[in-house]
Amino acid sequence: NETYRLLSETMIDGIATLDEDLNVNFASPSMERFMGYSAHELMELPFKTLLAPDSFKVLDGLLAGMQLCINDGQWETLPSTVDLQCVRKDGSTVWAELVWSPIFNEAGVFQGVTGVTRDIEARRKTEQALRQSEERFRLLADNARAMVFRMSLPQGTYEYISPAVEHISGYAPQEYYDNPGLTGEILHPDWQGYFASIWEDLRVREHAPPRYECPIIHKDGGVRWLE
């Protein structure tokens with residue numbers, strides 16, 4: 001209808017629909033701008049031309065699943081959102097998020113599929129930069145002689161604790177993951193009150209002395225001083 005046409009023509013996100021045979025029968029102007037192809041070209045070109053090889057495999061598998069669902073109706077077994085690397089007319093690639101849903105008529109008969117495509121290139125680059133940063137951090141931390149950790153507050157659970165903790169305390173990182181209270185348990189009894197006050201400051205007000213010293217009881221029973 002006219003409202004749908006106006007909406008599809010003015011949206012930033014691309015809209016495309018497939019008919020009951022899973023062939024493209026509509027592509028919005030925003031899809032044309034996003035891909036560089038005309039609507040007619042988008043409806044005529046095979047998906048293999050419009051997607052990077054790995055993404056084509058993902059979509060091909062999704063379409064095969066749709067074909068099965070047309071017969072058995074088990075639509076909930078398919079993912080409703082997939083990330084695909086598209087190939088534009090000029091040969092450049094861009095990542096897009098496809099959110100799709102089946103279309104049924106009033107009698108519940110399958111009529112096709114509608115899909116909304118959103119440019120997520122910037123998000124993918126941010127995620128990749130974050131993964132690379134995490135990998136560099138882990139590489140440095142895993143090989144550091146000092147203990148490096150990252151803790152989630154206010155829960156006080158370790159998100160990461162470096163392998164050096166086992167040399168320092170005698171306890172392996174997994175033991176700290178399994179028992180978040182282990183840090184307090186191995187603290188020397190004479191320093192339990194001091195630790196409790198620091199922990200409260202850190203947990204509630206999210207600040208603590210930037211540097212302090214305290215003794216712990218090593219797993220072998222000896223006393224070790226930590227800074």
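We use all heavy atoms of the structure for the numbers below, so side chains are in, but hydrogens, waters and symmetry mates are not. For this chain, numbers begin at 1 and follow the sequence in order. Just so we're clear, the structure is a prediction, and the values are computed from it rather than from any experiment.
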Next on the checklist: How close do Ala164 and Ala146 get, counting heavy atoms only, and between which atoms?
Outcome noted: CB-O, 3.6 Å
Next on the checklist: Once salt bridge (charged side-chain N to carboxylate O under 4.0 Å, His left out) is applied, do any residues pair with Glu127, and if so which ones, sequence neighbours excluded?
Outcome noted: Arg123
Next on the checklist: Can you pull out every salt bridge (Lys or Arg N to Asp or Glu O under 4.0 Å) where at least one residue sits in residues 166-176? Sequence neighbours excluded, please.
Outcome noted: Glu175-Lys219
Next on the checklist: For a quick test of reading the model, state the closest non-hydrogen atom pair linking Leu50 to Met35 and the distance between them.
Outcome noted: O-CE, 3.8 Å
Checklist entry - Is there a donor-acceptor pair under 3.5 Å between the side chain of Ser55 and the backbone N or O of Leu84? => result no
Next on the checklist: Tell me every residue that passes salt bridge (charged side-chain N to carboxylate O under 4.0 Å, His left out) with Glu159, counting only those two or more places apart in sequence or in another chain.
Outcome noted: Arg150
Checklist entry - Is the number of heavy atoms from other residues, nucleotides or ligands under 6.0 Å of Arg118 CZ greater than 12? => result no
Checklist entry - Counting distance only, does the side-chain N/O of Asp119 pair as donor-acceptor with the main-chain N or O of Glu121 below 3.5 Å? => result yes
Item to check | Hydrophobic cluster identity match, Val116 and Leu22, side-chain contacts under 4.5 Å | outcome: no
Checklist entry - With sequence neighbours excluded, what pairs up with Asn179 under the side chain to side chain donor-acceptor pair (under 3.5 Å) test? => result Glu185
Could you list the donor-acceptor pairs under 3.5 angstrom formed by side chains in residues 87-105, with sequence neighbours left out?
{"from": "Arg88", "atom 1": "NE", "to": "Phe34", "atom 2": "O", "distance (Å)": "2.8"}
{"from": "Lys89", "atom 1": "NZ", "to": "Glu41", "atom 2": "OE1", "distance (Å)": "3.3"}
{"from": "Lys89", "atom 1": "NZ", "to": "Glu41", "atom 2": "OE2", "distance (Å)": "3.0"}
{"from": "Asp90", "atom 1": "OD1", "to": "Ser92", "atom 2": "N", "distance (Å)": "2.9"}
{"from": "Asp90", "atom 1": "OD1", "to": "Ser92", "atom 2": "OG", "distance (Å)": "2.6"}
{"from": "Thr93", "atom 1": "OG1", "to": "Gln85", "atom 2": "NE2", "distance (Å)": "3.4"}
{"from": "Trp100", "atom 1": "NE1", "to": "Pro79", "atom 2": "O", "distance (Å)": "2.8"}
{"from": "Asn105", "atom 1": "OD1", "to": "Ala107", "atom 2": "N", "distance (Å)": "2.9"}
{"from": "Asn105", "atom 1": "OD1", "to": "Gly108", "atom 2": "N", "distance (Å)": "3.0"}
{"from": "Asn105", "atom 1": "OD1", "to": "Val109", "atom 2": "N", "distance (Å)": "2.8"}

Next on the checklist: Could you work out, with side chain to side chain contact (heavy atoms under 4.5 Å, CB included) as the rule, every residue matching Cys214, not counting sequence neighbours?
Outcome noted: Leu187, Trp191, Tyr212
Item to check | Partner set under salt bridge (charged side-chain N to carboxylate O under 4.0 Å, His left out) for Glu213, not counting sequence neighbours | outcome: none
Item to check | salt bridge (Lys or Arg N to Asp or Glu O under 4.0 Å): pairs with one or both residues in residues 44-69, sequence neighbours excluded | outcome: none
Checklist outcome for this item: Correct closest heavy-atom pair for Ala39 and Ala27 would be CB-O, 3.8 Å
Checklist outcome for this item: Applying ring pair (Phe, Tyr, Trp, His ring centres under 6.0 Å) to Tyr158 and not counting sequence neighbours gives Phe149, Tyr176
Checklist entry - How is the hydrophobic cluster of Val223 composed, in terms of its other members, when Ile, Leu, Val, Met, Phe, Trp and Tyr link through side-chain heavy atoms under 4.5 Å apart, directly or indirectly? => result Ile217
Checklist entry - How far apart are the closest heavy atoms of Ser30 and Gly14, and which atoms are they? => result OG-CA, 3.3 Å
Checklist entry - Do Val82 and Ile120 sit in the same hydrophobic cluster, where Ile, Leu, Val, Met, Phe, Trp and Tyr count as joined when their side-chain heavy atoms come under 4.5 Å apart? => result no
Next on the checklist: Could you tell me if the side chain of His188 sits less than 4.5 Å from the side chain of Ile216, heavy atoms only?
Outcome noted: no
Checklist entry - In chain order, what residues pass the side chain to side chain contact (heavy atoms under 4.5 Å, CB included) check against Asn71, with sequence neighbours excluded? => result none
Next on the checklist: Once salt bridge (charged side-chain N to carboxylate O under 4.0 Å, His left out) is applied, do any residues pair with Asp220, and if so which ones, sequence neighbours excluded?
Outcome noted: Arg224
Next on the checklist: Would you say Phe26 ends up clustered with Met66 if hydrophobic residues are merged whenever their side chains have heavy atoms under 4.5 Å apart, either directly or through other cluster members?
Outcome noted: no
